[in-house]
Amino acid sequence: AQSVAQPEDQVNVAEGNPLTVKCTYSVSGNPYLFWYVQYPNRGLQFLLKYITGDNLVKGSYGFEAEFNKSQTSFHLKKPSALVSDSALYFCAVRDPILTGGGNKLTFGTGTQLKVEL
Amino acid sequence: EPEVTQTPSHQVTQMGQEVILRCVPISNHLYFYWYRQILGQKVEFLVSFYNNEISEKSEIFDDQFSVERPDGSNFTLKIRSTKLEDSAMYFCASSFGTSGSQETQYFGPGTRLLVL
């Protein structure tokens with residue numbers, strides 16, 4: 001089975017400070033990992049993904065994430081948070097061996113990021 | 001930038017009625033998906049579709065659900081006889097491929113279904 005955990009329901013950060021949104025995963029093989037963001041009344045927007053290669057992945061809007069195989073983590077980071085980053089963030093995983101051609105993503109429960117002035 | 005679109009944005013229906021949710025995936029994408037998100041819960045996979053066939057489906061996707069690509073642009077999810085517990089936000093997604101850079105799934109804005 002594939003699963004992902006986002007241990008924090010909410011993260012509060014002051015604007016200009018670095019932010020981290022945590023994600024850990026469980027798969028039997030090598031994972032494909034994704035971050036999506038959801039603004040109110042909007043769909044899921046793709047931010048970044050890790051498939052293979054460099055463990056540090058850079059994505060949209062200045063976000064980055066680091067794949068750590070030993071800790072089975074894929075935390076989302078940004079060096080300097082903006083109020084406009086306030087949204088719901090979802091981590092997702094796919095086990096390419098388990099899901100084969102179905103390409104099923106398994107999502108975490110989401111972390112609400114609140115960036116305040 | 002191309003995007004996935006979904007109609008309607010909101011749908012209210014009576015229990016036992018049939019509903020059809022519509023999606024227009026990104027035009028050159030080949031793989032199509034439906035997910036749902038019950039209020040306050042995580043996003044859950046329902047079904048994936050490729051080459052006019054279901055590739056994979058979850059336990060949620062029972063005989064009450066069906067998908068179809070009736071023409072070259074639309075991808076639909078039909079719920080034959082809605083139940084109260086079908087109330088959720090339904091997201092359509094599409095991807096060009098299933099590996100490497102091609103496998104990113106792009107999501108539509110969702111259809112909020114309310115079953116009364």
Side-chain angles (χ1 to χ4, degrees), chain A residues 1-10 23 25 29-54 57-61 65 87-112, chain B residues 1-7 9-10 23-26 29-51 53-61 67 89-112:
Chain A
Q2 57 187 36
S3 66
V4 62
Q6 293 181 244
E8 301 154 319
D9 290 336
Q10 181 158 320
C23 171
Y25 66 88
N30 292 318
Y32 290 179
L33 293 155
F34 304 81
W35 275 102
Y36 285 85
V37 59
Q38 186 179 32
Y39 295 98
N41 301 314
R42 301 285 298 275
L44 299 166
Q45 275 182 253
F46 169 72
L47 275 181
L48 51 79
K49 68 184 177 189
Y50 171 82
I51 302 295
T52 187
D54 195 349
V57 179
K58 293 187 185 295
S60 307
Y61 313 119
L88 187 57
Y89 290 80
F90 289 97
C91 183
V93 67
R94 182 167 97 79
D95 183 334
I97 295 172
L98 182 69
T99 55
N103 215 23
K104 164 189 170 182
L105 290 178
T106 297
F107 283 84
T109 50
T111 298
Q112 184 70 48
Chain B
E1 186 178 317
E3 57 184 21
V4 177
T5 59
Q6 290 184 244
T7 54
S9 57
H10 293 79
C23 168
V24 178
I26 293 173
H29 283 187
L30 303 174
Y31 295 79
F32 314 112
Y33 315 86
W34 284 101
Y35 291 80
R36 79 173 185 190
Q37 184 182 30
I38 294 172
L39 191 63
Q41 297 186 25
K42 65 169 78 175
V43 177
E44 301 173 290
F45 171 80
L46 291 177
V47 66
S48 58
F49 190 85
Y50 168 72
N51 200 25
E53 286 184 349
I54 291 175
S55 310
E56 186 177 1
K57 60 182 181 179
S58 70
E59 303 104 20
I60 303 167
F61 194 88
V67 288
M89 179 74 92
Y90 288 81
F91 291 108
C92 175
S94 68
S95 68
F96 181 75
T98 57
S99 64
S101 62
Q102 299 177 346
E103 81 152 80
T104 302
Q105 293 180 33
Y106 293 91
F107 285 73
T111 292
R112 184 165 293 288

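This structure is a prediction, so every number in the text was calculated from the model and none was measured. Chain letters run A, B, ... following the sequence lines, proteins first and then strands; every chain starts at 1.
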Most heavy-atom pairs under 4.5 angstrom with chain A, which of B:Thr104, B:Leu46, B:Ile54, B:Val47?
B:Thr104
Would you say the side-chain atoms of A:Asn103 and B:Tyr33 include a donor-acceptor pair closer than 3.5 Å?
yes
Look up atom NZ in B:Lys57 and atom NZ in A:Lys104, then write down how far apart they are to the nearest 0.5 Å.
13.5 Å
Just wondering, more than 12 heavy atoms not from B:Glu59 lying within 6.0 Å of its CD?
no
Of the non-hydrogen atoms in A:Phe107 and B:Val43, which two are nearest, and what is the gap between them?
CB-O, 3.5 Å
Report the distance from atom CZ of A:Phe90 to atom CZ of B:Phe107, rounding to the nearest 0.5 Å.
10.0 Å
Side-chain heavy atoms of B:Tyr35 within contact of A:Leu44, under 4.5 Å
no
Take atom NZ in B:Lys42; do more than 12 heavy atoms of anything else shown fall under 6.0 Å from it?
yes
Identify which part of B:Ser9 has an atom lying under 4.5 Å from any heavy atom of chain A, answering side chain, backbone, both or neither.
neither
If you tally heavy-atom pairs under 4.5 Å between each of B:Glu103, B:Gln6, B:Arg112 and chain A, the highest tally belongs to B:Glu103
Once you round to the nearest 0.5 Å, how far does CZ of B:Phe45 lie from CD of A:Gln2?
9.5 Å
So for atom OH, which belongs to A:Tyr61, do other residues, nucleotides or ligands contribute more than 12 heavy atoms lying within a distance under 6.0 Å?
no
Answer with side chain, backbone, both or neither: which region of A:Gln6 has an atom nearer than 4.5 Å to a non-hydrogen atom of chain B?
neither
Distance from B:Gln105 atom CD to A:Arg94 atom CZ, nearest 0.5 Å?
8.0 Å
Heavy-atom pairs under 4.5 Å with chain A: which of B:Pro109, B:Ser95, B:Ala93, B:Gly108 has the most?
B:Pro109
